[in-house]
Amino acid sequence: LTKIADANAILEEIASSTPSHAVVVGAGLIGIETAEALQARGLQVSVVEALDRVLPALLDSEMASHVEQELVEKGIDLRLGQRIVSLEGDSSGHVRKAVTEKSKLKADLVVLALGARPNVELARQAGLEIGPTGGISVNEYMQTSDPDIYAGGDCVENMHRVSGARVLAPMGSTANKHGRIIGTNVTGGADTFPGVLGTTIVKVFDLNVSRVGLCECDPLATNYELVTALAPGFDHASYYPGAQMITVKLLADRKTRKVLGAQAVGRGEVAKRIDVLVALMSMGGTVDDLANLDLAYSPPYNGAMDVLHNAANVIRNKLSGLAKGISPAEVNEWIRAGEDFVLLDVRSSPEWEDAHIEASQCRLLPLNRLREEVQTLPRHTEIVTMCRTSIRAYQAQRILEGAGFTNVCFLDGSIIAWPYAISCRTS
Ligand SMILES: Cc1cc2nc3c(=O)[nH]c(=O)nc-3n(C[C@H](O)[C@H](O)[C@H](O)COP(=O)(O)OP(=O)(O)OC[C@H]3O[C@@H](n4cnc5c(N)ncnc54)[C@H](O)[C@@H]3O)c2cc1C
């Protein structure tokens, strides 16, 4: 599925053979977009992905799980952690089943969305240098190893502006910039391409999903001492109609304090946040720069403090040793392993009744009662505080430390960013 003709061929197939079940193989950008489009045409859609999460090249698992929930809620049959091993057809040559390692799925139509590979055949035949990523090697002027031959678009390697590594960036946004630079340079100019940040955005049903720079799961991230924040918040003032939640995961380097990357997921406006970060990261900005960016504020457009400000301040507080966060994955593991710790929910009782994490370690003690009831908490057991978005949880961590507790941290992102099961009033 790389050309309009390919999309038209799928539409023609739907019109002529009226399939009822489609299987999309691969839960990357194109697989997910295709699944939504096929469902909109009335098909029941399964998505099969070999890895354990959707959008694996884009998101860390706790962010991907929000997308997975959205897909399942919208009726997509999601099969993670299984590969397609064969397709079975009928006597007329039509596909009827897609067989995975774990299941047999009804399939009248199968779309393989297994990633993009640069088409470098012509360059190879011309004897041009192909880089280790499989893309054509070019310098900052977009010249190949033969300086009279320029190359751009999906077929070339790019420099990653955070890591300095050579990467493939098969995006229309990148290809267009390459084209302009090549046009300038072949007509006597000397324009240069500074590289990419891997900026990506996709709509998944009602969710907006975006990423810039490095993810925690990126192998290149191991070159840094990562500090992360999971910051949920409204996309504009919560009291102004239409406010929607988004969650930002921000990554920074402990040594340089530079922002290394971010992911944003939610029903609210995420593109603005990612684009602000693109600008900041292109200038080598730090979390300190981000925390005080003079972003536009009026209730229809934002809160007085943007989610990005909050995320930057969480990281600054972590860097200074004030805030001690723990990831949802780690807390979930402790719950599953039956570890001896207290998951202290400091929200109000009505909030708890609406939704809470179901675990024997979980205990409700609203923040406004914490000081007076602090003696009811165990002194020598690890306490993980949590709330709705982490702000009260952080306050609780500080109150407990002030009361002499030494083993306290807060759940990063708290219940809004919690990617695992919760008990809801409606469930
Ligand atoms: C389904 C889909 C959705 C996408 N959505 C987005 C998006 O939302 N945002 C985004 O930024 N990017 C998106 N992309 C990626 C974007 O389309 C590509 O990055 C962009 O088209 C790359 O431009 P290009 O000129 O390098 O290659 P192409 O657009 O592929 O054009 C290359 C052309 O060269 C022709 N060609 C190849 N070999 C030869 C030859 N030997 N001689 C002559 N012609 C040749 C090909 O037939 C083709 O027409 C999407 C891609 C797909 C497939």
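The residues of the chain are indexed from 1 along the displayed sequence. The model shown is predicted, which means the values in this text are computed figures rather than measured ones. Only this structure's heavy atoms are used, side chains among them; waters, hydrogens and symmetry mates stay out. Counting starts at 1 for both ligands and their atoms, in listed order.
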Exercise for the section: Sort and list the pairs that fulfil side-chain hydrogen bond (donor to acceptor under 3.5 Å, both in side chains) and have at least one residue in residues 192-220, not counting sequence neighbours. Expected result: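 Matches after skipping sequence neighbours: Glu36-Lys203, Lys74-Asp206, Glu216-Lys249.
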Practice task
Hey, could you give me each pair passing side-chain hydrogen bond (donor to acceptor under 3.5 Å, both in side chains) that has a residue in residues 151-170? Not counting sequence neighbours.
Solution key: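 Only Thr133-Glu157, Asn158-His178 qualify under side-chain hydrogen bond (donor to acceptor under 3.5 Å, both in side chains).
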Exercise for the section: Report the residues that fulfil ring-ring contact (aromatic ring centres under 6.0 Å, His included) with His21, sequence neighbours left out, ordered by chain and then residue number. Expected result: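 His21: no ring-ring contact (aromatic ring centres under 6.0 Å, His included) contacts found.
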Under 3.5 Å, N/O to N/O: give me all the pairs between ligand 1 and the protein, one per line with atom names and distance.
unit_1	atom_1	unit_2	atom_2	d
ligand 1	11 (O)	Gly172	N	2.9
ligand 1	11 (O)	Ser173	N	3.2
ligand 1	12 (N)	Gly172	N	2.9
ligand 1	19 (O)	Asp154	OD1	2.7
ligand 1	19 (O)	Asp154	OD2	3.4
ligand 1	19 (O)	Pro170	O	3.4
ligand 1	19 (O)	Met171	N	3.2
ligand 1	19 (O)	Met171	O	3.4
ligand 1	19 (O)	Gly172	N	3.0
ligand 1	26 (O)	Asp154	N	2.8

Exercise for the section: Mark yes or no for whether Asn185, through its side chain, and Gly188, through its backbone, hold a donor-acceptor pair below 3.5 Å. Expected result: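 Checking the backbone N and O of Gly188 against the side chain of Asn185, no donor-acceptor pair under 3.5 Å is found.
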Exercise for the section: Assess whether salt bridge (Lys or Arg N to Asp or Glu O under 4.0 Å) is satisfied between Arg347 and Asp345, documenting all intermediate values. Expected result: CA-CA 6 Å; Arg347 296 173 303 154; Asp345 194 329; 2.7 Å; yes
Practice task
Go through the steps for Lys272 and Glu269 under the test salt bridge (Lys or Arg N to Asp or Glu O under 4.0 Å), then give the verdict.
Solution key: CA-CA 7 Å; Lys272 166 163 99 170; Glu269 170 61 77; over 6 Å; no
